[in-house]
Trainee: 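Okay, here's the structure, questions in a sec.
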There are 4 protein chains.
Amino acid sequence: MAAQKSAQKSDPRAPSSTRRSEKSRRAIYDAALALVAEVGYPRTTIEGIAARAGVGKQTIYRWWSSKAEVLMEAFLDLGEQSAQAMGHEPYAIPDTGDLAADLKAVLRATVDELKDPRFEAPSRALAAEGVVNEQLGREFVTKLLEPSLQLYVERLRTAQEAGDMRPDIDPRIALELFVSPLAQRWLQYTGPISYEYTDTLVDYALHGLTPRTR
Amino acid sequence: MAAQKSAQKSDPRAPSSTRRSEKSRRAIYDAALALVAEVGYPRTTIEGIAARAGVGKQTIYRWWSSKAEVLMEAFLDLGEQSAQAMGHEPYAIPDTGDLAADLKAVLRATVDELKDPRFEAPSRALAAEGVVNEQLGREFVTKLLEPSLQLYVERLRTAQEAGDMRPDIDPRIALELFVSPLAQRWLQYTGPISYEYTDTLVDYALHGLTPRTR
Amino acid sequence: MAAQKSAQKSDPRAPSSTRRSEKSRRAIYDAALALVAEVGYPRTTIEGIAARAGVGKQTIYRWWSSKAEVLMEAFLDLGEQSAQAMGHEPYAIPDTGDLAADLKAVLRATVDELKDPRFEAPSRALAAEGVVNEQLGREFVTKLLEPSLQLYVERLRTAQEAGDMRPDIDPRIALELFVSPLAQRWLQYTGPISYEYTDTLVDYALHGLTPRTR
Amino acid sequence: MAAQKSAQKSDPRAPSSTRRSEKSRRAIYDAALALVAEVGYPRTTIEGIAARAGVGKQTIYRWWSSKAEVLMEAFLDLGEQSAQAMGHEPYAIPDTGDLAADLKAVLRATVDELKDPRFEAPSRALAAEGVVNEQLGREFVTKLLEPSLQLYVERLRTAQEAGDMRPDIDPRIALELFVSPLAQRWLQYTGPISYEYTDTLVDYALHGLTPRTR
DNA sequence: CCCTAATCGAGACGGTACGTCTCGTCTTGTC
DNA sequence: GACAAGACGAGACGTACCGTCTCGATTAGGG
């Protein structure tokens, strides 16, 4: 969104968005998400999106430069929609004072989300595209992943202040100990995903693998 | 899995492999890997592979059912080739008695490999395809990832016997604490990859995030 | 026939011809005729026509349903072109009052045309295709052959009125006595073609084979 | 047949026919004729013939050089078969002394044969191929057409001797007056074929188109 | 409140690759 | 050595999409 406004200013040959049809934009988002969910990303085509949205192909090419970009915006928009639908703040990390419990709760919520078919198809598609297309991958991280990860960073910093985490730990790295394993199992099918699994991850990460010598 | 083994024995509709041209098979592997490295996976086409390999398209379609499958076998073959080139055993995990040092050493080697352009293009391509194509993803894990991860499992079990790791820890999960973060950074560009980073991961994972009371 | 006329007006599944590229149509005709002349009909391919015309294959498939149909239209167009090039009226049958002389003159012109390489390759190709493909064969006759034959019918009718031909003769059948032998010799290589031959045909046909008693 | 024996002698690289499998040859003829009748000539493939005949493709390529040649021999063989089945002499031209009646009778028999589906598919296919492939066309004429036409030549010569035909008439050309029109109607769908039509042809040809003065 | 320029739906266009089919050659046992 | 079987290099088939390019027909905004 921000990116778009700035593009509007800086790129002189970009079409002026003032006349842009909001109805078409929405129809394209809907069609893109629906098609990805129904037939998968590779068999989702720009022609298909245009036909389903009742839109000329040029209307897509005018505003986006690739299938991946359309889906990325559609997915971001979907996130904003559902954020607005609930009481804003997508899902912040609670702070009950019990770090382990808080992390376990958030990860359990993440497990649920990863299994929600509404999100699974498009986010897998985007993640896959991002693996192979660095530019899109970084955009995916910046716009979608990193904001969520920052919530962990904040919660871990609070824990450090409360003395629940060693002060020399870098929270940005620390969070990967329990977030990345879940991510990898989901992305690459390296193992099953369950509450028990994420609970275990938190326990292992917080207390370490080696014995605590008396 | 069972299906796979039986296919390996005798799929009635598959062509009999007795007359298969070994020369063509090799040429196809080489062409596939070269093209993926040169122009990237999406712009690698079966026609391109066939042309480069000096082979009819049908010879590819006869033995493989998709571009991804060709690349998968080519990549597996590449692994076997280079394994044979060195003194077999791809890269086992050393056991010097110092668990932390051993893990750091292996992860540093992994960092190097992830940055080797010879491996990067095809393995990214396969990983991306696997994210979106579950069947291929599971094959990728079974044939490529899991064998490597089992090496960690074994080293960690040795550590447990030596009293260097708590006996109640599940090694298959434990290894993800330091392997998955590296994997995610590489796959999704969520952060830079360095020796320092992997060393830190090992330290965090082994000793935990929380203060060791007493 | 009726079906054809209605198709001419508006076949619902046919693409709207308003946006059709005239330049491509012409280029396709030229390429088709050139290729048939150069490499023969069987080795003329739709891909080849498209490539030579600088046109996408789909542009051919959009407007024609087979190689034969393309060539048929190209040939019809060629006829119209050369008709317009001269003073219209392709070549009517003269009426000097001498029936035999008039028929001999026209048949001599036909001999020349049959030997013109510009016409030979495509018309042989179409004729051959028409032998085996009844639909195309009938189209070939309707659009190309019959119009020419009607000229004979008219000339023969005039002859009947002038008392130069028996009034009980059916002109449509009569013309075959001298036209069909020439056609068969050309089509099937059953014999050489010459002015002498066609002159003889006219003589035989007009006066019969049996002796004129009294 | 004769052609084959001579080929056997003159072409040193031709395989020696002594070991040739008669069973395969017959199976190939049957398969070729059956396929042409069932799916038409263009969709009859050498692979299809081989498969249907239960024969390796090479066995076809070893003995024939093209699909057309296979069909030609198969058709010739079919003719010989049915000739032998009846009392030899396929159908000679009767000589009752009444030339017109004799010719009408033979042409009526020809009409029947042209409508026999057993002969129609392969002979159309061969004729079509012959239109476009001069070598094959001439072979078709030499082996199939000309022998039949010679029967007309002989009958007409007898008529000349009997004073039923003008002596200055060339019988080889004369026969075309009634044979070629029928051939063209059959080959090119230029008109319907019936006993009435062929009777008319004979009448027109024998007595000419112009009035017989007194 | 109209005029005009940009956006829109539609879809033809030159291309590329798809996966299939058949060609004619070559190779591998069998008889 | 001819045969059945069938893999092979080659290349055309007809289809599906690509991204570009007109076409009128809205459709807004600045005059």
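Only heavy atoms go into these numbers, but all of them, side chains included; no hydrogens, no water, no symmetry mates. As the structure is a prediction and not an experimental result, all values here were calculated from the model. Here is the naming used below: chain letters follow the sequence lines, and residue numbers restart at 1 for every chain.
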Trainee: Does the side chain of B:T59 get closer than 4.0 angstrom to OP1 or OP2 of F:dG9 through an N or O atom?
Mentor: yes
Trainee: The side chain of C:I46 lies closest to which of these nucleotides: E:dC13, F:dC13, E:dG19?
Mentor: F:dC13
Trainee: Going by modelled atom types, is there a donor-acceptor pair between the base of E:dC8 and the side chain of A:Q58 at under 3.5 Å?
Mentor: no
Trainee: Give the nucleotide from the list E:dA17, F:dC13, E:dC13 with an atom nearest to the side chain of C:T45.
Mentor: F:dC13
Trainee: With a cut-off of under 6.0 Å to the ring centre and 45° to the axis, is B:K67 in cation-pi contact with B:Y41?
Mentor: yes
Trainee: Once you round it to whole Å, what is the distance between P of F:dA4 and NZ of D:K23?
Mentor: 8 Å
Trainee: Rounded to the nearest 0.5 Å, how far does OG1 of C:T59 lie from CD1 of C:I28?
Mentor: 6.0 Å
Trainee: Does the cation-pi check pass for B:R20 over B:W64, that is, NZ or CZ under 6.0 Å from the six-membered ring centre and within 45° of its axis?
Mentor: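 Pair B:R20/B:W64 counts as cation-pi.
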Trainee: If only side-chain N and O atoms of B:R62 are considered, is one of them under 4.0 Å from the OP1 or OP2 phosphate oxygen of F:dC8?
Mentor: yes
Trainee: When only distance counts, do a donor and an acceptor, one from the side chain of B:R19 and one from the base of E:dT28, lie under 3.5 Å apart?
Mentor: yes
Trainee: Just so I know, are the side chains of C:I49 and C:V55 near enough to count as touching, which here means a heavy-atom distance under 4.5 Å?
Mentor: no
Trainee: Does F:dC3 have OP1 or OP2 sitting under 4.0 Å from an N or O in the side chain of D:W63?
Mentor: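 Indeed, a polar side-chain atom of D:W63 lies that close.
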Trainee: Take the C1' atoms of the five end pairs on each side of the helix from E:dT4-F:dA28 to E:dC31-F:dG1, get both axes, and report the angle to 10 degrees.
Mentor: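 The end-segment axes of the helix from E:dT4-F:dA28 to E:dC31-F:dG1 are tilted 20° relative to each other.
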Trainee: Given the structure, check if the side chain of C:K57 and the base of E:dG14 hold any donor-acceptor pair shorter than 3.5 Å.
Mentor: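 Counting by modelled atom types and ignoring angles, no donor-acceptor contact under 3.5 Å is found here.
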Trainee: For E:dG24, does either OP1 or OP2 sit under 4.0 Å from a side-chain N or O belonging to D:W64?
Mentor: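 For E:dG24, neither OP1 nor OP2 has a side-chain N or O of D:W64 closer than 4.0 Å.
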Trainee: Whole-Å distance between E:dG15 P and A:E47 CD?
Mentor: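 Answer to the nearest Å: 17 Å.
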Trainee: Just N and O in the side chain of B:S24: are any of them under 4.0 Å from OP1 or OP2 of F:dG9?
Mentor: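 Yes, such a contact exists.
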